[in-house]
Protein chains: 2
Amino acid sequence: MTAAVRCPPRERIIDAARDLFRKHGIKGIGVDAIAEAASSNKMTLYRHFGSKDDLVFVCLQQAASEADAFWEDIKAANPGDARAQLSDWVRRAGEFVTVEHCNCELLDAAAQLMESDHPARQFIEDLRNLYRKRLVELCRAAGAADAELMVDALTLLVEGARTNWRSAGPGGAATRFVKVAEMIVDDFLE
Amino acid sequence: MTAAVRCPPRERIIDAARDLFRKHGIKGIGVDAIAEAASSNKMTLYRHFGSKDDLVFVCLQQAASEADAFWEDIKAANPGDARAQLSDWVRRAGEFVTVEHCNCELLDAAAQLMESDHPARQFIEDLRNLYRKRLVELCRAAGAADAELMVDALTLLVEGARTNWRSAGPGGAATRFVKVAEMIVDDFLE
DNA sequence: TGACAATGTTACCGATCCGTAACATTTATC
DNA sequence: GATAAATGTTACGGATCGGTAACATTGTCA
């Protein structure tokens with residue numbers, strides 16, 4: 001389903017795992033279901049990934065590298081224009097946040113397994129800091145007086161939109177994230 | 001621990017359940033642990049509440065009635081002054097959101113069991129609409145031109161703060177929720 | 001074709017968890 | 001103190017889940 005059947009099982013398993021983690025949560029899906037969705041089986045899953053936690057970690061690493069590409073896209077699409085990059089970030093974040101098949105695994109994973117001592121904790125923590133640093137620099141480059149507080153606002157909005165979308169769906173406040181975020185951006189830049 | 005040992009087991013169980021649901025999530029704690037924390041046992045738990053889902057439902061009902069009291073407090077503390085009530089709402093929401101022993105069970109529960117067909121789904125949905133309606137009216141009374149969008153912003157901020165606090169802790173953006181929210185309020189009211 | 005690696009299949013273990021049965025104990029009420 | 005209700009204790013059933021063992025099958029390369 002998720003991946004073409006004719007690629008190595010390792011990739012099929014990762015794709016299926018990411019899809020199912022997004023849909024049901026990390027603790028909400030079992031390794032059997034992942035293996036089956038990947039048109040594979042539990043044994044080959046455990047031969048490639050020593051444990052479910054390791055599989056989660058690999059999935060997050062892949063999501064992180066895609067997030068890097070996401071960031072590079074924004075810079076490439078609006079070269080030298082920090083303000084335009086910021087607007088583009090808001091627009092793309094809004095797309096990701098309100099789409100079922102979205103790329104917010106990092107946010108979700110953070111909320112799901114931060115309370116336990118998961119091997120991916122430090123990885124997520126580092127990513128969180130990296131993303132914040134990037135966004136602060138972008139806001140500063142766009143002329144924000146208080147870039148730190150601006151990033152606080154954007155962070156809360158995007159995390160809230162993600163949560164709200166999951167629980168309230170298309171009728172909730174998450175669908176107005178872009179509108180709200182653009183307003184906040186304008187407010188901070190003038 | 002949670003409640004005085006000398007009150008009926010039903011209350012002790014509810015208190016313990018709410019405490020443990022907050023700390024570990026609804027799916028993250030078992031009925032045995034709840035019964036033990038209540039200085040009771042699983043049998044009396046199941047004699048008072050037919051199932052774990054029913055217990056969850058009762059806990060949410062109790063949290064909802066406390067939320068009503070929270071709302072009444074705000075109105076009583078700032079009689080007739082919608083603007084002051086709004087500031088008070090922001091301040092108190094900030095307290096709730098960034099405290100370990102907080103009253104955001106409704107938000108958390110919504111995020112945790114909205115993806116399944118839980119008996120409390122409709123209850124939470126109705127509460128969500130009620131709280132939104134109240135907040136919209138308050139924003140309108142305070143003079144907001146676009147009260148709906150203002151409530152969208154506040155909703156995303158408070159849900160984001162709740163999520164961020166759980167995953168990022170005291171060092172995260174959630175600790176600046178009040179600052180951000182006050183700024184948004186000012187921005188919408190002028 | 002032969003040999004070896006990768007993958008698939010089945011079955012199982014141990015732990016956890018929701019829920020119940022049967023029986024013992026305490027508490028309250030008359 | 002007797003009676004009945006509420007509560008506590010132990011054990012168990014059924015289901016799910018992470019993880020492993022043993023063996024069969026397929027694919028690859030010489």
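Hydrogens, waters and symmetry mates play no part in the numbers below; they use all other heavy atoms, side chains included. Protein chains get the first letters and strands the later ones, always in sequence-line order, with residue 1 at the start of each.
- Comparing A:G30 and A:M43 along DNA chain D, the residue whose closest nucleotide (by nearest heavy atom) sits nearer the 5' end is A:G30.
- Among the atoms of the strands shown, only primed sugar atoms or phosphate atoms (P, OP1, OP2) are found under 4.0 Å from some heavy atom of B:I29.
- Rounded to an integer number of Å, the gap from B:L20 CG to C:dC17 P is 12 Å.
- If you measure from atom CG of A:D54 to atom P of D:dT20, you get 11 Å, rounded to the nearest angstrom.
- Between the CZ atom of B:R47 and the C1' atom of D:dA4 there is a distance of 14 Å, given to the nearest Å.
- Between B:K42 atom NZ and D:dG13 atom C1' the separation is 11 Å, expressed in whole Å.
- Ion pairing of A:D146 with B:R176 is absent here, as no side-chain N (NZ or NE/NH1/NH2) approaches a carboxylate O to less than 4.0 Å.
- Taking 4.0 Å as the cut-off between side-chain N and carboxylate O, B:E159 and B:R128 count as a salt-bridged pair.
- Here the nucleotide nearest the side chain of A:H48, chosen from C:dT20, D:dG19, C:dT7, is C:dT7.
- Here CZ of A:R83 is found 11.5 Å from CG of A:D88. Values are rounded to the nearest 0.5 Å.
- Taking for each of A:V31 and B:P9 the nucleotide of DNA chain D with the nearest heavy atom, the 5'-most of the two is the partner of B:P9.
- Checking D:dT7, D:dG19, C:dG8 against the side-chain heavy atoms of A:T44 singles out C:dG8 as nearest.
- Rounded to an integer number of Å, the gap from CG of A:L45 to P of D:dG18 is 10 Å.
- Distances shorter than 4.0 Å separate none of the side-chain N or O atoms of A:R12 from OP1 or OP2 on C:dT7.
- Between the side chain of B:K52 and the base of C:dG19, no donor-acceptor pair under 3.5 Å is found.
- For D:dG8, one of the phosphate oxygens OP1 or OP2 lies less than 4.0 angstrom from a side-chain nitrogen or oxygen of B:S40.
- Rounded to whole angstrom, the span from the NE2 atom of B:H24 across to the P atom of C:dC17 amounts to 11 Å.
- The distance between atom CD of B:E36 and atom C1' of D:dT9, rounded to the nearest whole Å, is 13 Å.
- Rounded to an integer number of Å, the gap from A:L55 CG to D:dG19 P is 10 Å.
- If you check D:dA21, C:dC18, D:dG19 against the side chain of B:D32, the one that comes closest is C:dC18.
- The ring of A:F96 has its center closer than 6.0 angstrom to the ring center of A:F70.
- The side chain of A:N41 approaches C:dT9 more closely than any other nucleotide in the set C:dC18, D:dG19, C:dT9.
- Taking CD1 of B:I13 as the start and CZ of B:R18 as the end, the distance is 14.5 Å to the nearest 0.5 Å.
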